Protein chains: 2
Amino acid sequence: MIKPVTIKDLARQLNISISTVSRALRNANDINPDTKETVLKLARELEYEPNFIAQSLVKKQTRIIGVVVPLINSNYFSEALSGMTDLAIEQNYHLMICQSNERVDLENKSIRKLVACNINGLLISVSKDTKSPEVIREAQNKNIPVVMFDRIIPEVSCTKVIVDEYEGAYKAVEHLIRKGCKKIAHIGGPRDLSVSKKRKQGYLDALRDYKIEDDPKLIIHCKSFEEDASNAIRKVLAESPDAIFCINDLTAIMAIQYARKKGFSIPGDIRIVGFNNDPVSGVVQPALTTVMQPGYEVGKLAMGVLIDEIEKKTAKHKLFTLRTRLVTRLSSR
Amino acid sequence: MIKPVTIKDLARQLNISISTVSRALRNANDINPDTKETVLKLARELEYEPNFIAQSLVKKQTRIIGVVVPLINSNYFSEALSGMTDLAIEQNYHLMICQSNERVDLENKSIRKLVACNINGLLISVSKDTKSPEVIREAQNKNIPVVMFDRIIPEVSCTKVIVDEYEGAYKAVEHLIRKGCKKIAHIGGPRDLSVSKKRKQGYLDALRDYKIEDDPKLIIHCKSFEEDASNAIRKVLAESPDAIFCINDLTAIMAIQYARKKGFSIPGDIRIVGFNNDPVSGVVQPALTTVMQPGYEVGKLAMGVLIDEIEKKTAKHKLFTLRTRLVTRLSSR
DNA sequence: CTGAAAGCGCTTACAG
DNA sequence: CTGAAAGCGCTTACAG
């Protein structure tokens, strides 16, 4: 094991003080150019590398940004992480990424660990069950800028970056209306999730704006995203709608398959629209019309505003809302 | 701005020395149980968190592990990252994740940055174009254990974790043969990628073992994964095969759709098998038979062996090969 | 069992 | 311009 070269080694060999070496290394202005040159030369020869940890300790600045997401392995979050990572490396920041696996306890543990690592900023998208802002506030109280994205909670006052789900849903339903649909059903998500509420509101408002009365029988909530969908689809089909706006692509695809099995043609008898623009939506038959959320951009923007807050020490606590894009495919033509 | 609680604060409030506080905190054995209890109680009350940076400096151990992947936003890699993250947090390690975006220069830049952060270990899956092991060796020369996974290169001597692609391909083709297929085509990937070679070899060996002669006209390589597929599919179909083994799921799905458009029934006329078990493979019509690669397990295992090397300072440079699983679905029934 | 002291590698007022 | 000194928050021999 070779011991790394330190400023002490340089100082000793040159017979000068470590303060001077330090100044030469970080290109201070109050130093004799010749001295500086000598130091730099030796540093190069010995392949001196400053110890990042020691620097962090004294400067109380690590350039590490902590990221907590519910899960890494999701198309949306991995896109967001991708955007964050690209910007971070460009700006010379380092990322520590944790996943909560949708568990509040692991989420809190991760945040605390990150804080203990002296992160300079925190980027977080909370788990489904996170209600309490306590641990995030702990971080803020330690003067760590926090930016929330996607899964935000109102209790935390900080800059937030989200996607305009409401508008996305509105556009999707408007599109169906313009195609001539009059009886548009909605398969929603868990009732109290903010995502579900916003998408449903977009649906309701689009109907209202086009003078279509909403019918409670056409609206079914799933208790979870995975389990209930087929049940919901069965119920909704019994009401013979001419279109279904689904909470996400997976649900929409299940709806398509169920409807086809029952002899309906898509989009002939029923038009179907999903949400997310999952890679899968482009390859199913028929290809699924869906609402694209700009995950990469969300990540990049969130990272950008966080870095701003870290460097300018400004905390405006703004809300950034990115727009969605309707991706029209065969399932609604 | 609240300054974080330090052991000094604890010591002052309890009127004992910082050495004692330190010992209580790290559960040393030469400490009075009562003293320890008091310290821990106060620590809990004040929400004391040890300063990682300070600990790292004195222990010369950061517990940070650097990870470099070609891209985060891929089903396979995000699964692997997920496995790594889960194990890392359990073992009290921290992850710094970078993506190379398949660019050798960014890959090298990331590795160097990670090394400057005093990472204790490096986990890497190289970009498509990485040929030279130089920068990885730089890390090894600084005594940083390196584990490669998935995209490995032979020039680096280190522990490696991969999936048995060969066997996966073999099993897929064997399955087709057992279904009675005699004329099995293969749409391969870029010719010189190790993935492509191994999967093709599995294909060839399965044919040979079952006394089916291979026919060069039934084997088409795509120059890239994205562009060439449709072209390849057209050519292959012209040879009227009774099955196609595709390099990945996306190609397989394109093949299914093209074949159906041409009036073939799947699996009636042609059986089709993909590779990866992408989430999409379960939802397309017909559902796609494919080879599942255990991404999460690869990540977890790679992290596990890396931590072993870090802690036990052993470097056996073993090769770990995880097995695939054939997921049989409608497209090959 | 406990405390005083040295030290991890670096930065930065403060004097000179 | 340069050096001595204090300090970042912690650990760990060493004495007692």
Side-chain angles (χ1 to χ4, degrees), chain A residues 1-40 42-43 46-64 112-113 115-120 142-143, chain B residues 1-40 42-43 46-64 92 115-120 142:
Chain A
M1 166 83 172
I2 305 155
K3 276 189 72 177
V5 194
T6 70
I7 50 170
K8 252 190 200 164
D9 301 322
L10 300 180
R12 200 180 316 115
Q13 289 204 33
L14 295 172
N15 218 10
I16 57 178
S17 76
I18 59 162
S19 331
T20 303
V21 173
S22 174
R23 273 186 285 254
L25 257 18
R26 54 216 60 284
N27 205 11
N29 48 0
D30 53 344
I31 182 152
N32 183 315
D34 293 345
T35 319
K36 186 163 99 182
E37 206 36 66
T38 337
V39 173
L40 290 179
L42 184 65
L46 301 184
E47 282 174 343
Y48 167 82
E49 286 285 343
N51 183 318
F52 162 83
I53 296 292
Q55 288 180 327
S56 298
L57 183 60
V58 38
K59 290 212 228 153
K60 295 183 166 305
Q61 212 230 65
T62 55
R63 299 189 79 82
I64 298 175
R112 290 208 169 101
K113 281 200 170 185
V115 169
C117 283
N118 292 13
I119 51 171
N120 286 162
K142 288 179 177 150
N143 240 6
Chain B
M1 161 88 171
I2 303 159
K3 282 187 68 176
V5 195
T6 69
I7 51 169
K8 253 190 200 164
D9 301 321
L10 300 181
R12 199 180 317 115
Q13 290 204 31
L14 295 172
N15 217 10
I16 58 179
S17 75
I18 59 161
S19 332
T20 304
V21 173
S22 175
R23 274 188 284 255
L25 256 18
R26 54 216 60 288
N27 205 11
N29 49 0
D30 54 343
I31 181 150
N32 182 316
D34 293 345
T35 319
K36 186 163 101 184
E37 207 35 67
T38 336
V39 173
L40 291 179
L42 184 65
L46 300 183
E47 282 169 347
Y48 167 81
E49 285 287 342
N51 183 318
F52 227 87
I53 298 291
Q55 287 181 327
S56 300
L57 183 60
V58 38
K59 292 212 225 154
K60 297 183 165 306
Q61 215 226 61
T62 57
R63 302 189 78 83
I64 298 176
N92 205 22
V115 169
C117 282
N118 292 12
I119 50 169
N120 285 164
K142 291 189 173 138

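Reminder, nothing fancy here: chain letters follow the sequence lines and each chain counts from 1. Since this is a predicted model, take the numbers as computed values, not measurements.
Closest approach to the A/Pro33 side chain among D/dT2, D/dC1, D/dG3 is made by D/dC1 (side chain taken as heavy atoms from C-beta onward).
Here A/Arg26 contributes atom CZ and A/Ile31 contributes atom CD1; the two are 10.5 Å apart, rounded to the nearest 0.5 Å. Atoms CG and CG, on B/Asn51 and A/Asn118 in that order, are 4.0 Å from each other to the nearest 0.5 Å. Considering CZ of B/Arg12 and OG1 of B/Thr6, their distance stands at 7.0 Å, rounded to 0.5 Å.
The shortest side-chain heavy-atom distance between B/Glu47 and B/Val5 does not fall under the 4.5 Å cut-off. With a 4.5 Å cut-off on side-chain heavy atoms, B/Lys142 and B/Val115 count as touching. Residues A/Pro50 and A/Gln55 have side chains in contact (heavy-atom distance under 4.5 Å, counting atoms from C-beta outward). Counting heavy atoms from C-beta on, the side chains of A/Tyr48 and A/Ile7 come closer than 4.5 Å.
B/Leu10 places its CG atom 14 Å from the P atom of C/dG3, with the value rounded to the nearest Å. Remark: C1' of C/dT2 and NZ of B/Lys36 are 15 Å apart, rounded to the nearest angstrom. At whole-Å resolution of the value, CG in A/Leu14 and P in D/dT2 are 12 Å apart.
Consecutive Watson-Crick or G-U pairing (both distances under 3.5 Å) extending over three or more pairs maps onto DNA chain D as C:1-3 with D:14-16, C:5-12 with D:5-12, C:14-16 with D:1-3.
For C/dG3, one of the phosphate oxygens OP1 or OP2 lies less than 4.0 angstrom from a side-chain nitrogen or oxygen of B/Thr20.
Within the 4.0 angstrom heavy-atom criterion, no nucleotide atom of any strand lies near B/Ser56.
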Report, as a single string ordered 5' to 3', how protein heavy atoms within less than 4.0 Å touch nucleotides 7-16 of chain C: B base, S sugar-phosphate only, - not at all.
BBBBBBB---
Go through it in stages, so that I can follow the logic: the residues are A/Thr35 and A/Thr38, the test is side-chain hydrogen bond (donor to acceptor under 3.5 Å, both in side chains), and I'd like the CA-CA distance, side-chain angles, deciding distance and then a yes or no.
CA-CA 5 Å; A/Thr35 319; A/Thr38 337; 5.8 Å; no
